[in-house]
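Chain identifiers are assigned alphabetically (A, B, ...) following the order of the sequence lines, protein sequences preceding nucleic acid strands; residue numbering begins at 1 within each chain.
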Amino acid sequence: MRWSSLFIPTLRDAPAEAEAVSHRLLVRGGFIRQLQSGHYSMLPLGWRVHQKVAQIIREEMDNIGGQEFLLPAMHPASIWQASGRWDSMGEEMFRLTDRKGADLALGMTHEEVFATLSQELNSYRELPQLWYQIQWKFRDEPRPKSGLLRVREFAMKDSYSFDLDNEGLDRSFDLHHNAYQRVFRRLALDARPVEASSGAMGGSASIEFMVESNAGEDDVAVCGSCGYAANVERATAALKVVENRPQSDAPQSFPTPGVRTISALADHGHPSVHQIKTLVYLVDGQLTLILLRGDHSFLEQKFSDATGAVEVLPAEADEIRQALGASPGSLGAVGVTDLTIYADEALRGRTGMTTGANVDDQHFEGVDVDRDIPIDHWVDVRGITAGEECASCGDTLRVVRCIEAGHIFKLGQKYAEAMGVTVLDADGSNRVPTMGSYGIGVGRAMATVAETHHDDHGLVWPMSIAPYEVVLTVVKVDHEESMVVAERLYEDLRSAGIDVLLDDRDGRPGVKFADAELIGIPLRVTIGPRGLENGLLELTGRATTDKSDVAIEDVVPKVVDAVVTGRSLGR
RNA sequence: CGGGAUGUGGCGCAGCCUGGCAGCGCACCUGCUUUGGGAGCAGGGGGUCGGGAGUUCAAAUCUCCCCAUCCCGACCA
């Protein structure tokens, strides 16, 4: 394509509201424009990248036997009611009503629709099936952010596997695991598979593919020695043994006027590791106590995963006072019998502890957790922190910020059962297939590449998804020989199947160099009078900025070779 | 939803405190000169100052309400 006739609105300055690097560069480079918060238009350059990312995903899905579908984006309420998610999805789901008054939803995922289609599977002989689509999702995110990284409307490759049994599901899951690693390698993304929480999807296991980046929204605990890696929503660590303080016969209350926080109490001679933190939550509407060691943080996700609770909300101050007779700062679980009490594993066997006495400005000391508190359930609900020891090998854990680039789930039979899906087994009995679901956000993948592939001058696309593979920069468009050479190269490279951009704009060379770098084209051929005098053109790589002079007749083979090599990286 | 910030041509910003002609840079158009790293000169086009109400002789500027956008948190496959 000829740059002079393309719509590539590059900007010298990024819009003030863009903060994330990928957001700034994709806007500046003329790839995307925002329509409203969380909704972006793909401009021609952005759409080319988007389509290349989608194509890589498509090829790898086809490689593992995936069959491509395209399902409706708009769904009847009935299928969501059947799975129970019409209610449980809450405000995250966009809902609307048609002219007849029927309730509709914009699809935020497609388990229900695919499960509906799977009702036409009749026999175990038809399994396994692996179905996918690349299609638009709508999610009413409370806070879209960082350009394409978190949006309300986006293309996602979502796939779904149907197997007869758990062994089959394991195979389908592993196929996806491998396919995802190939996809991310081809996108030049260093994506680490990590153990993850299954969250609202339910199911038995899930793995997230995480790319380290400060623009991310997830923290991942990583062990450098044994390879353990898990989202902190799920991560565990070896607990350092704490020496209990001397035991006492019974809890002793003591006055603590004005002491409201763990750290204030620590200042009064009660180190936080010897305190019990008492949290009051409404768990699916039931007032509940959750106990942790004073220095530990509570992870609601871990709690939901451990207990199956759907709604976990901090209780209001007046509810707390009504139930316990004191305000936060003086709360405790000693002698509480009418509320369900959960305790974090880190409190097991602890004695000589300090906790609130459920009287304002009073605390107990000498608390023996097992003796004095009627604990109903022991759970692992604490957040781990960097520097703790790996539970498997004892080495130090790091915590790294990551972008979630992909997520794969073992779902089990939940959706198939809800939609009444059965197939006949070899012995003639009805079997409910077991499902997996697997997702990669296309726009997010693109933004993640931008986030991890750039320099001071702009984007540095890998060859595999660059909007154009080569840019021919004509230094002086009114220099006749330059244009003749450029046109010939343009045609030759095009017929060799290369994505070529011919910068034939009448402008100063500095502007053209800067633009070519900003939009991140991997290879540049500079065509100008200076080189042509000696029959030479300049070949520049975007990533390294290495320059080399190349004889005119060698340019096409050299470029073709570099492009073909670049495309195949990671394959 | 809680906290913070911002809204002035396509983009970046000043002006607001202390009310009195809507300005600057980039981009854009025309002409000339220039052309191997974001040119120079001259001329030119483009803005309901986020919206509404109020105060005032007079509002971008003061007051109130609303909206939008961004950041932090909550939330979120």
Have a look at A:Thr10 and say if it touches a base, only the backbone sugar-phosphate, or nothing, with a 4.0 Å heavy-atom cut-off.
nothing
Ignoring hydrogens and angles, does a donor from either the side chain of A:Glu517 or the base of B:G37 sit under 3.5 Å from an acceptor on the other?
yes
Looking at every strand, decide which applies to A:Glu300 at a 4.0 Å heavy-atom threshold: base, sugar-phosphate, or nothing.
sugar-phosphate
How is A:Arg524 classified with respect to the nucleic acid when contacts are heavy atoms under 4.0 Å: base, sugar-phosphate, or nothing?
base
Could you check whether A:Pro15 gets within reach of a base, just the sugar-phosphate, or nothing at all, counting any heavy atom under 4.0 Å?
sugar-phosphate
Go through the structure and list residues passing side-chain contact (heavy atoms from CB on, under 4.5 Å) with A:Gln181, not counting sequence neighbours.
A:His177, A:Asn178, A:Pro193, A:Phe209
Distance check, P atoms only: B:G46 and B:G23, in whole angstrom units.
13 Å
Do the numbers put A:Arg95 on top of the ring of A:Trp80, so that NZ or CZ is under 6.0 Å from the six-membered ring centre and no more than 45° off the axis?
no
Could you check whether A:Ala196 gets within reach of a base, just the sugar-phosphate, or nothing at all, counting any heavy atom under 4.0 Å?
nothing
Partners passing side-chain contact (heavy atoms from CB on, under 4.5 Å) against A:Glu217 (at least two apart in sequence or in another chain)
A:Lys145, A:Arg150
Could you check whether A:Lys547 gets within reach of a base, just the sugar-phosphate, or nothing at all, counting any heavy atom under 4.0 Å?
base
A:Gln34 near the nucleic acid: base, sugar-phosphate alone, or nothing, with a heavy-atom cut-off under 4.0 Å?
sugar-phosphate
For RNA chain B, what residues of residues 507-515 of chain A have any heavy atom nearer than 4.0 Å?
A:Gly507, A:Arg508, A:Pro509, A:Gly510, A:Val511, A:Phe513, A:Ala514, A:Asp515
